[in-house]
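Hydrogens, waters and symmetry mates are skipped; everything else that's a heavy atom, side chains included, is used. Naming convention: chains lettered A, B, ... in sequence-line order (proteins, then strands); numbering from 1 in each chain.
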Amino acid sequence: MTPLSVFRDDLVLGSIWVEPRDRHTLAPEGLRVLILISIIILEDNMADKKELYEASELYRIRHSTSHIMAQAVVEKFPEAKVAIGPAIEDGFYYDFDLPRPLTPEDLESIEKRMRGIIQSKVDFQRKVVSAEEARMIFHDQPFKLELIAGLEGGEMDDDGNPVTEKPEISLYSQGTFTDLCRGPHVDISTRINPAAIKLLSVAGAYWRGDEKRPMLQRIYGTAWKTPDELKDYLWRMEEAKKRDHRKIGHDLDLFSVVEEVGAGLILWHPKGGKIRKIIENFWSEEHEANGYDFVYTPHIGKAQLWETSGHLGFYKENMYSPVDIEGQQYFLKPMNCPFHVYIYKNSLRSYRDLPLRYAEEGTVYRYERSGVLHGLMRVRGFTQDDAHHFCRPDQMPAEIDFVLNFSLHILRSFGFSAIQAYLSTKPEKSVGLPEQWLAAEEALEESLKRTGVDYEVDRGGGAFYGPKIDLKVKDAIGREWQLSTIQFDFNLPERFDLTYIGEDGQPHRPYMVHRALLGSLERFFGVLIEHYAGAFPAWLSPIQAALIPIADRHVDYARNVADQLRKAGLRVMLYDRSERMNAKIRDAQNQKIPYMLIIGDKEMENDQVALRLRNGENPGPIPVSVFIDRAKDDISSKS
RNA sequence: GCCACCUUAGCUCAGAUGGUAGAGCAGGCGUUUCGUAAACGUCAGGUCAUGGGUUCGACUCCCAUAGGUGGCUCCA
């Protein structure tokens with residue numbers, strides 16, 4: 001038996017014991033997810049996960065391990081300048097300014113020294129000092145001096161409000177190392193299990209996250225209570241790596257990014273393209289059935305357009321340089337909104353025409369710094385499943401209800417059942433009338449309440465042009481991904497002077513709502529790949545059934561079955577090469593094809609196929625028609 | 001963009017201290033016709049990311065460029 005961590009959001013909550021062989025078959029999709037569901041129910045009743053963590057012993061262990069690491073580093077590099085070293089989710093880090101770049105060998109020796117320090121049983125001692133004393137102690141530590149000055153001056157809290165009470169200045173010492181630290185720590189180093197810590201990587205990090213300030217070297221590490229928990233954490237990291245959409249995208253031949261085309265630009269291969277097409281078809285049908293009109297707009301627009309929309313004022317850093325066309329400047333579009341606005345403006349609108357819902361899968365281009373590009377998740381060109389709603393003030397609550405429910409419906413259709421909403425309200429700097437903001441925020445919140453979806457409010461977190469709801473989904477291993485966004489826009493209707501004629505014969509300003517449900521097709525595809533680990537449900541699978549004849553004499557019959565399946569609307573492939581059956585199964589399995597249909601003498605005689613599923617289940621021979629019914633059921637139920 | 005690391009055949013990777021490259025898989029061609037995750041043989045594949053430099057000689061060392069990976073938010 002071997003322990004398997006029960007976790008949520010990478011926070012280990014405990015362990016259960018399973019047979020080693022089950023660990024790999026059950027854990028990733030089956031068992032773990034089941035556990036997750038029950039944990040989520042339990043844990044959602046708990047007050048605040050973050051507070052819980054910070055009060056935990058594990059948090060103290062990690063924070064203290066970070067200090068021990070700092071001690072080891074300072075011993076190795078006496079001239080090191082130390083910055084900060086907190087515990088974080090799953091581990092800790094510490095930032096240093098060092099005379100030279102660290103190597104993997106350095107990490108090994110630091111880690112070894114850390115074990116030595118831990119085993120020497122050092123105490124962690126807390127001491128409160130005055131700012132003056134602190135300055136003396138850290139006279140050659142510029143980062144600490146800056147922190148002391150900050151503490152003394154009374155800094156800002158998370159919301160940017162000045163902290164009124166000056167915190168006391170405390171030190172923690174262990175062994176030869178003293179750090180300016182709020183704590184808490186373990187009392188003695190033996191609380192840390194030297195076999196349950198590991199240094200992971202070194203990365204650059206700006207002092208205080210500010211790119212204008214010095215670049216420090218950050219060492220990341222992890223620490224757990226037991227070696228088994230450490231092992232399990234490392235195993236989880238491996239599992240997450242296996243789900244990496246870049247790896248799966250390559251293995252399953254879904255997409256690529258090549259240097260010759262350009263960084264952050266996606267090539268969709270036929271199989272990825274098939275999945276995209278299925279997503280788009282579904283998307284279109286649902287939009288069609290829900291009162292949307294489809295619009296298509298160009299990829300570039302004149303400078304004046306972006307001037308009016310405000311993009312050249314507020315968004316220019318993310319836009320590419322203009323192209324010159326007959327002396328006029330044109331910009332590649334970073335958003336679709338201005339075009340949709342002009343479709344609205346193209347005729348005089350009556351109050352009877354509203355609401356209008358313009359939808360477009362609009363491809364936009366945004367400049368992203370090279371270092372932040374990441375597979376399908378962060379790219380420079382992508383297609384938004386965009387739409388803009390224009391409605392009257394009296395229609396606004398119903399319109400929000402509609403779009404929120406529509407969003408939830410679409411996300412759930414793709415197998416995302418755990419959805420968390422975030423409502424962001426008026427920031428200090430904003431456009432629009434306060435009463436507009438209030439009405440919109442109230443409509444958003446009331447609507448959230450009616451749907452019953454779990455939500456949090458981020459006061460002051462909205463964009464300057466309007467409040468919004470973001471929807472995040474949890475994937476199969478508990479990670480959150482932001483997909484949908486529903487945003488009010490008080491800015492563009494003003495800037496473009498949008499109106500409709502009311503019952504009173506007078507022009508009125510419409511409300512405008514901008515929304516994307518899947519976000520971008522590229523990113524959404526990446527999330528789907530990781531959520532399903534490449535094993536897409538049948539309705540999304542580029543190939544649904546693989547026909548596997550055992551010997552060449554079965555190929556003709558298999559071809560005949562393939563035709564029947566295609567006529568029934570299934571996507572099939574036939575293994576007609578003279579490989580061994582085992583090799584064909586292995587290949588189909590690696591391609592994560594949902595249904596494998598083995599065909600030998602017995603099947604040929606009885607007009608059957610022997611069904612094998614990619615999870616290893618082997619239901620055996622069934623008539624072709626029975627298989628067709630079963631597959632069609634799975635597909636229509638999207639399971 | 002910045003910091004560190006990385007870039008060898010389509011893919012995954014070997015190639016001490018500088019002496020112009022090797023395996024497995026994939027691919028082509030044969031042979032095999034086989035009941036639930038890899039049959040056997042054979043052939044072909046590389047200006048070692050690109051461009052400079054050091055050297056008698058560079059995949060190996062230095063510099064630049066392009067791509068990639070991990071970070072750059074979570075308060076001492």
Side-chain angles (χ1 to χ4, degrees), chain A residues 50 53-54 63 66-67 70 82-89 93-95 98 100-104 106-107 134 138 141 143-151 155-158 163 167 169-172 179-183 200-220 241 244 246-247 250-251 253 257-264 317 367-375 548-555 577-590 596-603 610-614 616-621:
Chain A
K50 197 178 161 198
Y53 174 47
E54 287 178 3
H63 194 179
S66 157
H67 277 219
V82 296
I84 61 170
I88 53 173
E89 209 176 335
Y93 67 80
Y94 209 113
D95 289 345
L98 299 173
R100 65 167 174 84
L102 291 167
T103 64
D106 290 328
L107 287 196
F138 296 106
Q141 288 290 346
F143 301 117
K144 296 295 176 190
L145 290 175
E146 186 177 328
L147 292 169
I148 293 164
L151 288 171
E155 289 209 317
M156 308 284 182
D157 67 10
D158 291 345
V163 175
I169 295 176
S170 57
L171 307 178
Y172 273 87
D179 202 355
L180 179 73
C181 183
R182 162 175 83 172
L200 299 172
S201 62
V202 45
Y206 296 106
W207 168 233
R208 303 205 137 177
D210 181 348
E211 58 186 284
K212 291 185 192 70
R213 316 205 55 178
M215 173 70 69
L216 308 173
Q217 295 193 66
R218 172 172 297 179
I219 304 176
Y220 280 96
K241 232 168 144 181
D244 191 316
R246 293 165 302 182
K247 179 172 167 43
H250 173 262
D251 291 348
D253 197 13
V257 185
V258 302
E259 187 180 336
E260 290 79 354
V261 171
E317 316 79 73
Y367 170 67
E368 298 283 358
R369 296 190 295 178
S370 57
V372 305
L373 299 173
H374 182 83
I548 301 179
I550 291 177
D552 285 351
R553 66 176 177 281
H554 307 123
V555 168
R577 295 174 40 140
S578 59
E579 294 280 354
R580 286 184 62 212
M581 174 196 68
N582 278 343
K584 296 173 187 173
I585 288 177
R586 186 180 140 87
D587 187 69
Q589 196 78 47
N590 285 336
M596 281 157 269
L597 305 175
I598 319 294
I599 290 167
D601 291 335
K602 282 182 274 179
E603 287 74 21
L611 178 61
R612 177 194 161 101
L613 305 175
R614 66 182 159 198
E617 263 180 68
N618 194 357

Counting any heavy atom closer than 4.0 Å, what does A:Val372 reach on the DNA or RNA strands: base, sugar-phosphate only, or nothing? base

Can A:Asp106 and A:Arg100 be said to form a salt bridge (Lys or Arg N to Asp or Glu O under 4.0 Å), step by step? CA-CA 11 Å; A:Asp106 290 328; A:Arg100 65 167 174 84; 2.8 Å; yes

Just wondering, do A:Ile84 and A:Leu147 contact through their side chains at under 4.5 Å, heavy atoms? yes

Answer yes or no: does a side-chain N or O of A:Tyr93 lie under 4.0 Å from OP1 or OP2 of B:C72? no

Which base sits across from B:G57 as a Watson-Crick or G-U pair, both distances under 3.5 Å? none

Rounding to a whole Å, what distance do you find between A:Lys212:NZ and B:C3:P? 16 Å

Kindly say if A:Arg553 contacts the phosphate of B:C34, meaning a side-chain N or O under 4.0 Å from OP1 or OP2. yes

Mind telling me whether A:Trp207 and A:Phe143 have parallel, tilted or perpendicular rings, with 30° and 60° as the class edges? tilted

Using a heavy-atom cut-off of under 4.0 Å over every strand shown, decide if A:Ala610 touches base, sugar-phosphate, or nothing. base

B:G35 phosphate, OP1 or OP2, under 4.0 Å from A:His554 side-chain N/O: no

Ignoring backbone atoms, establish whether A:Arg577 has a side-chain N or O less than 4.0 Å from OP1 or OP2 of B:G28. yes

Using Watson-Crick or G-U wobble geometry with both distances under 3.5 Å, which nucleotide pairs with B:G22? B:C13

Without decimals, in angstroms, what is the distance between A:Glu259 CD and B:U69 P? 12 Å

Heavy atoms from C-beta onward define the side chain here; which of B:U36, B:A4, B:U33 lies closest to that of A:Ile598? B:U36

In the structure shown, which nucleotide is the Watson-Crick or G-U wobble counterpart of B:U69, with both distances under 3.5 Å? B:A4

By nearest-nucleotide position on RNA chain B, the 5'-leaning member of A:Ala83 and A:Asn590 is A:Asn590

Tell me whether the side-chain N or O atoms of A:Tyr206 pair up with the base of B:G1 as donor and acceptor below 3.5 Å, since no angle test is needed here. yes

B:U69 OP1/OP2 closer than 4.0 Å to side-chain N/O of A:Arg246: yes

May I have the distance from A:His374 (atom NE2) to B:U69 (atom P), rounded to whole angstrom? 7 Å

Which of B:C75, B:G35, B:C74 is nearest the side chain of A:Pro86? It is B:C75

Could you check whether A:Arg218 gets within reach of a base, just the sugar-phosphate, or nothing at all, counting any heavy atom under 4.0 Å? sugar-phosphate

Looking at every strand, decide which applies to A:Asp587 at a 4.0 Å heavy-atom threshold: base, sugar-phosphate, or nothing. nothing

Between B:U36 (C1') and A:Met581 (CE): distance, integer Å: 5 Å

With both distances under 3.5 angstrom, what nucleotide forms a Watson-Crick or G-U wobble pair with B:C75? none

May I ask you to test the A:Ile585-A:Ile598 pair for a side-chain heavy-atom distance under 4.5 Å? yes

Take atom CZ of A:Arg586 and atom C1' of B:G24, then tell me their distance rounded to the nearest Å. 12 Å

Would you classify A:Tyr220 as touching base, sugar-phosphate or nothing, given that sugar-phosphate means primed atoms plus P, OP1 and OP2, and contacts are heavy atoms under 4.0 Å? sugar-phosphate

Could you give the CE-to-P distance, from A:Met215 to B:G1, as a whole number of Å? 13 Å

Does the side chain of A:Arg369 reach to within under 4.5 Å of the side chain of A:Glu211, using non-hydrogen atoms? yes

For A:Tyr206 and A:Arg213, the nearest pair of non-hydrogen atoms, with its separation, is CD2-O, 3.5 Å

Please classify the nucleic acid contact of A:Gly209 as base, sugar-phosphate, or nothing, using heavy-atom distances under 4.0 Å. sugar-phosphate

Taking the side chain as every heavy atom from C-beta outward, state whether A:Glu146 and A:Arg208 have any atom pair closer than 4.5 Å. yes

Establish whether the base of B:A39 is bridged to the side chain of A:Arg580 by a donor-acceptor pair shorter than 3.5 Å. no

Please tell me which of A:Asn618 and A:His67 maps to the more 5' nucleotide of RNA chain B, matching each residue to the nucleotide holding its nearest heavy atom. A:Asn618

B:C56 to B:G71 separation - C1' atoms, rounded to the nearest Å: 44 Å

Among the candidates B:G68, B:C75, B:G35, find the nucleotide nearest to the side-chain atoms of A:Ala263. B:G68

Would you classify A:Glu211 as touching base, sugar-phosphate or nothing, given that sugar-phosphate means primed atoms plus P, OP1 and OP2, and contacts are heavy atoms under 4.0 Å? nothing

Determine the minimum heavy-atom distance between A:Arg614 and A:Met596, stating which atoms define it. CA-CE, 3.7 Å

What is the nucleic acid contact for A:Ile550, judged by heavy atoms within less than 4.0 Å: base, sugar-phosphate only, or nothing? base

Taking only the side-chain nitrogens and oxygens of A:Tyr94, find out if one of them lies under 4.0 Å from OP1 or OP2 of B:C75. no

Which of these nucleotides, B:C74, B:A4, B:C72, is closest to any side-chain atom of A:Pro101? B:A4

Rounded off to whole Å, could you give me the CD1-to-C1' distance for the A:Ile88 and B:C75 pair? 14 Å

Side-chain-base donor-acceptor pair under 3.5 Å for A:Asn582 and B:U36: no

Polar side-chain contact A:Glu603-B:G35 base: donor and acceptor under 3.5 Å: yes

Would you mind telling me which of B:U31, B:C11, B:A38 lies closest to the side-chain atoms of A:His250? B:C11

